[in-house]
Number of protein chains: 2
Amino acid sequence: MCGMDHVDKILTQWQRERPDLDVAPMGTLGRVKRLHQCLMRRMDQTWAVYGLNDSSFDVLATLRREGAPYALSPSDLMASTMVTSGTMTHRLQQLEKAGLIERVKNPADGRGFLISLSEKGLALIDEAVAAHVATQAELVSGLSDEQRVQLDELLKQFLAGLEST
Amino acid sequence: MCGMDHVDKILTQWQRERPDLDVAPMGTLGRVKRLHQCLMRRMDQTWAVYGLNDSSFDVLATLRREGAPYALSPSDLMASTMVTSGTMTHRLQQLEKAGLIERVKNPADGRGFLISLSEKGLALIDEAVAAHVATQAELVSGLSDEQRVQLDELLKQFLAGLEST
DNA sequence: TTTGAATACCTTGATATCAAGGTATCTGGT
DNA sequence: ACCAGATACCTTGATATCAAGGTATTCAAA
C-alpha cells in the first residue's frame, strides 16, 4: 500500500510547488481520468476486431439492448448516449454506409426518422457485445468481487451528486 | 440505495435481452466512463475562463509542477501526459502561438528541444490551477472525506492492476 | 572510424467531437 | 384556419486525437 503511482507523483510535485493548494481531490479525479483512458484503450482493441469503435458500438448496443424491433429515433439515441445532434448525425451516416442500421421516415412524425438494426447489424452487435463483456471481465479482474461492488456504490453516489445539479 | 440510475437501467435492459452475459463489470466500467464525461465537462468550464482546455492545461500544469526552470522536452511531456507525438506537436504549436511556452534547441542533443513556460504562461497557469483545484473540491463534495479516500484506494488498486500488464 | 539501429520530433490523412445555426415539421392557442 | 414557438434533424467550421510514416541526429558496436 506504500507504492507511489503516477498520480501520487503528480500530487507530490504540486505539494512542493504549491503548498497553498489542497490537492487531495485532484488525486481522485486524476485517477478517474487515467483509469478511463486505460479502459477505453483496451476496449477499443476488442471493438476493432469487429470493425467497430467506441462510437459505433455505443449506437448499435443501445439499439440492441432496447429489444425487438431494435428501433429508436436519433433523438432517443442522442439522449441515451449523451452526444450532440451533429455527432449523432455523423455516427448514423457511418453506420448506414456500413449497412449496420437502416433508417426510415417516422410515419407518425414527418420531422423524424426511426433507426433500426439491420440483420447484419444485429448479428454483428450480438457477437461484439459478448466479446466486449469478456474483455470487461478481464479488466476488472484486478479487484475482488467485494471491492468491485464497493467501487460501484461509491461511483454511483458520486455520479448521483453530479447529475442532480 | 434503491434508486436506479442511468447505468442500472442499461444493465436491466441487457439482462432482459442477453441473460447469458454477466454484465456486472459493465456497470462499474460504465460508471467510470460516465463519471469521467461529467467531470471533464465541469472542469472544461473552469479552463475556458482562462482561455484553456484540457489539452493546454495539461501541458502547462505539467511544466509548472516540475518546478523552476519549468522546462521539459516534448518527449518528457508525451510520457507525462500519455499522448502521441503528433498530438504533442499540435499542442505545443498552439501554446507557442499563444505565447504561453517557449522552445529552444536542446544544446545537449541536436535532435530535441526544450519547452519552457513563458512568463505569461507561468502567471496564467498559477492562476488557472488555483481555480481548477477549487472546481475539483466542489466536484468531490458529494462524497465524505472518508468515502473519497476509500474511492482513492480502490481506483489506485484498479489502476495498478491495469498498468502493470 | 564507420555504419546500422535507436531516438526525437514532425507531417500527413483520417476520425470524432462540439457549438452554433439552418430548414422542415408539428402543436397549441386564438 | 392560422401563426408563433417548440422540436427533430442536418450542416458547417473549428479542434483534438491517433496511427503511420518521414527526416535529422545520436549512440554503440565492429
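All values below were derived from every heavy atom in this structure, side-chain atoms included, with hydrogens, water molecules and symmetry-related copies excluded. Here the structure is a predicted model, which is why all the values come from computation and not from measurement. Order of the sequence lines fixes the chain letters, A, B, ..., with proteins taken first and strands second; residue numbering starts at 1 for each chain.
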Dump the intermediate steps for salt bridge (charged side-chain N to carboxylate O under 4.0 Å, His left out) on A:Arg34 and A:Asp5, then the final yes or no. CA-CA 11 Å; A:Arg34 206 164 184 94; A:Asp5 65 4; over 6 Å; no

To the nearest Å, how far apart are [X] [atom1] and [N] [atom2]?
| X | N | atom1 | atom2 | value |
| --- | --- | --- | --- | --- |
| B:Met40 | C:dA16 | CE | P | 19 Å |
| B:Phe113 | C:dT7 | CZ | P | 19 Å |
| A:Met78 | D:dA8 | CE | C1' | 8 Å |
| B:Asn106 | D:dA24 | CG | C1' | 14 Å |
| B:Met88 | D:dT17 | CE | C1' | 12 Å |
| B:His90 | D:dC18 | NE2 | C1' | 13 Å |
| B:Met82 | D:dC18 | CE | P | 10 Å |
| B:Arg91 | C:dC10 | CZ | P | 14 Å |

How long is the span from the [atom1] atom in [X] to the [atom2] atom in [Y], to the nearest 0.5 Å?
| X | Y | atom1 | atom2 | result |
| --- | --- | --- | --- | --- |
| B:Asp8 | A:Lys156 | CG | NZ | 3.5 Å |
| A:Gln13 | B:Glu66 | CD | CD | 5.0 Å |
| B:Ile101 | B:Ile125 | CD1 | CD1 | 12.5 Å |
| A:Thr28 | A:Lys33 | OG1 | NZ | 15.0 Å |

OP1 or OP2 of [N] less than 4.0 angstrom from a side-chain nitrogen or oxygen of [X], does that happen here?
| X | N | answer |
| --- | --- | --- |
| B:Asn53 | D:dA16 | yes |
| A:Gln93 | D:dC10 | no |
| B:Arg103 | C:dA8 | no |

Nucleotide of [options] approaching [X] most closely (side-chain heavy atoms):
| X | options | answer |
| --- | --- | --- |
| B:Ser55 | D:dA16, C:dA16, C:dT17 | D:dA16 |
| A:Gln94 | C:dA16, D:dA16, C:dT11 | C:dA16 |
| B:Thr89 | D:dT11, C:dC26, C:dT11 | C:dT11 |

Both A:Asp109 and B:Ala108 contact DNA chain D. Which one's nearest nucleotide lies toward the 5' end?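 Nearer the 5' end of the strand: A:Asp109.
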
Under 3.5 Å donor-acceptor, A:Ser118 side chain and A:Gly99 backbone: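 Looks like yes, one N/O pair under 3.5 Å.
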
Between the side chains of A:Asp76 and A:Ser73, does any donor sit under 3.5 Å from an acceptor?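 There is such a pair (donor and acceptor under 3.5 Å, judged by atom type) between the side chains of A:Asp76 and A:Ser73.
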
Enumerate the protein-to-nucleotides 19-24 of chain C contacts in which both atoms are nitrogen or oxygen and the separation is below 3.5 Å.
none

